[in-house]
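Since the structure comes first, as structure tokens, the remarks are kept for the end.
Both ligands and their constituent atoms are indexed starting at 1 by order of listing. Along the sequence shown, the residues carry numbers beginning at 1.
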Amino acid sequence: MCGIVGYCGKKIQLKKIIDKLKKLEYRGYDSAGITSIKNNTITTIKQVGKIDNLLSNIPGNLHTTCAISHTRWATHGKATHTNAHPHSSSKEQWTIVHNGIIENYQELYDKLKTKPASDTDTAILSQYLEENCNDNIESFITAFKNIKGSYAIVCINKNNNDSLYIAKKNSPLYISQAYGEIWVASDPISLPLEYDYLYEMLDNEFAYISDSNISFYDNNINIVDKKHININESFEETNLNKYPHFMIKEIEEEQSAIEKQIQFYKDKCILKEYNYDFIKNYENIKLIGCGTAYHAGLVGARFIEKLVGIKCTVEIASEYIYKEPILDTNKTLFIFISQSGETADTLRALEIVKSKGFNYISLTNVLYSSIARKSKHILPTIAGPEIAVASTKAFVCQLTTLYMFASHIHNVLEGTFIDYEKDLREVAKKILSFNKEKLDIIAKSIYQSPTAIFLGKDIDYIVAMEASLKLKEVSYINSTSYPSGELKHGFLALVEDGTPLIIFATGSDIQISKTLNATQESIARGAKEIIITNRYEYSKHNDNSIYIDSLNPLLAPILSIAPMQYLAYKVSILKGINPDQPRNLAKSVTVE
Ligand code: F6R
């Protein structure tokens with residue numbers, strides 16, 4: 001988690017560095033800070049809260065030739081000024097910014113002669129460096145032999161002006177070089193658009209930047225002859241245009257995102273490699289992800305089972321890591337799903353699967369991400385940059401991709417033809433046609449409720465899970481999801497007068513009738529029923545119902561989630577919350 005931007009080069013305004021840091025605010029926004037060095041004097045400015053707080057405290061006339069900056073998502077220690085990065089050691093020999101977690105921080109702390117005031121693992125590390133290494137890069141690298149955990153670290157050393165010391169393990173870090181300027185960042189999105197060379201730091205690599213030169217090392221202090229990389233991605237500015245928030249902008253982009261997705265797959269023949277020989281031996285498919293990506297996996301498993309008939313299981317990445325499943329390497333295919341491609345749990349699960357020799361495919365929105373780079377087979381999602389913390393258009397594109405994949409495999413194996421392009425183009429046309437006026441009224445009727453319950457059966461239950469997550473994230477309403485038949489087995493105790501009960505009814509007639517029966521006990525106790533349905537008869541005379549025009553029950557999730565994303569957005573606004581940056585959350589979770 002957290003974001004890092006470092007700079008070494010010609011004299012520039014501090015504010016220019018912080019402008020780059022702002023692009024990393026999606027990685028956390030609990031506090032921000034910057035340290036610069038000039039004539040062996042360290043200057044640090046930090047602020048609790050968002051990067052704008054820091055920016056407003058930095059005079060325009062402050063310049064630097066070497067600085068490190070950081071935006072924090074608090075892991076160790078509260079979001080306070082003392083815990084904000086950068087962290088200097090007691091004599092200011094080392095000042096550091098860090099993403100990740102130092103796992104043996106307690107062991108390091110116990111050895112320290114001077115204990116830092118900050119609660120963070122990072123402050124312990126900076127003091128550890130002061131007490132255990134001198135100013136040269138060799139000594140710095142040696143000190144890391146005793147550091148356990150994940151880290152992207154950039155340091156300033158008081159005795160070396162215009163120099164940066166860098167260490168990386170299990171947390172991304174990139175360096176760009178152009179004449180007279182070197183930038184370091186945890187995501188290339190925040191590097192300057194123009195550069196001569198771009199380097200990706202690999203695990204257990206170190207770098208030393210001095211004036212305009214970069215030297216790379218392995219952890220045995222051997223010089224690494226590092227090749228620069230190309231990222232075929234244009235980091236064009238993502239701005240709000242006419243929209244008040246990214247979340248609503250990204251919901252409104254769903255139609256074009258699905259269309260782009262279909263066209264991209266067609267133009268690039270992305271699915272061609274998944275031919276008969278690729279798929280013929282697999283008897284199991286495991287889909288793995290976290291949060292919304294996990295929900296996409298659950299829907300994707302339904303697509304594959306229904307259209308292809310291969311048994312699927314879906315795992316939460318952080319749980320899967322600790323399982324020892326008995327699986328045949330040749331008969332099991334894994335699919336990892338991650339919008340960012342950086343989620344630590346998913347990445348870890350992928351590494352385990354890779355080390356055991358399984359074949360796997362990664363479905364990701366970021367083609368230069370760690371997950372993409374570790375994958376031979378990639379199913380790209382073409383959602384474009386997703387800035388709002390709550391995933392909306394990326395989820396829709398994940399479902400689109402999984403439907404294309406499942407249909408393609410069906411076409412390969414079964415010999416009958418599913419015209420998935422046509423199916424999805426119809427979905428794209430309809431996705432934004434839900435009744436916004438009705439949802440605005442529903443939002444007003446539920447936003448003060450402390451709880452909300454989302455219900456459904458089978459695939460509708462999965463949408464209920466995702467809809468509940470969306471509402472919870474951006475409104476702080478304690479929302480929960482249940483398979484409709486489970487409601488009476490305990491949860492009914494929480495239903496009160498006015499509790500919103502949001503019911504998804506898009507499955508078979510029998511499923512819908514059972515779901516609606518199951519909700520009667522709640523309605524009798526005062527629950528406020530809201531129905532999302534593809535059955536006109538339930539929606540025509542009901543102010544609390546949202547009609548979705550879906551003939552294909554498998555594709556209903558794409559159409560029923562969009563109005564729920566919109567509802568969550570509206571509730572968030574009514575509650576005065578910034579839906580793009582809800583409290584405690586960050587867009588990319590790069591710690592396990
Ligand atoms: C919810 C949300 C999170 C992410 C999860 C996985 O709106 O965004 O639940 O889906 O953290 O992130 P990725 O897909 O980047 O691996």
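The shortest distance between side-chain heavy atoms of P192 and K20 falls below 4.5 Å. Using a 4.5 Å cut-off on side-chain heavy atoms (C-beta onward), H70 and N99 make contact.
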Under 3.5 Å: N or O atoms of ligand 1 paired with protein N or O:
| from | atom 1 | to | atom 2 | distance (Å) |
| --- | --- | --- | --- | --- |
| ligand 1 | 7 (O) | T292 | OG1 | 3.3 |
| ligand 1 | 7 (O) | S391 | N | 2.9 |
| ligand 1 | 7 (O) | K470 | NZ | 2.7 |
| ligand 1 | 7 (O) | E473 | OE1 | 2.7 |
| ligand 1 | 7 (O) | E473 | OE2 | 2.9 |
| ligand 1 | 8 (O) | V389 | O | 3.4 |
| ligand 1 | 9 (O) | T292 | N | 3.2 |
| ligand 1 | 10 (O) | T292 | N | 3.1 |
| ligand 1 | 12 (O) | T343 | OG1 | 3.4 |
| ligand 1 | 14 (O) | Q339 | N | 2.6 |
| ligand 1 | 15 (O) | S340 | N | 2.8 |
| ligand 1 | 15 (O) | S340 | OG | 2.6 |
| ligand 1 | 15 (O) | T343 | OG1 | 3.3 |
| ligand 1 | 16 (O) | S338 | OG | 2.6 |
| ligand 1 | 16 (O) | T343 | OG1 | 2.4 |

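For the pair K50 and Y29, the cation-pi test (distance below 6.0 Å, angle within 45°) is passed.
Checked against N83 for a side-chain hydrogen bond (donor to acceptor under 3.5 Å, both in side chains), the options T120, D119, T122 give a single hit: D119.
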With side chain to side chain donor-acceptor pair (under 3.5 Å) as the test, would you mind laying out the steps for S484 and T515 before giving the verdict? CA-CA 5 Å; S484 50; T515 292; 3.0 Å; yes

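Pairs engaging residues 559-569 under the salt bridge (Lys or Arg N to Asp or Glu O under 4.0 Å) rule: none recorded [sequence neighbours left out].
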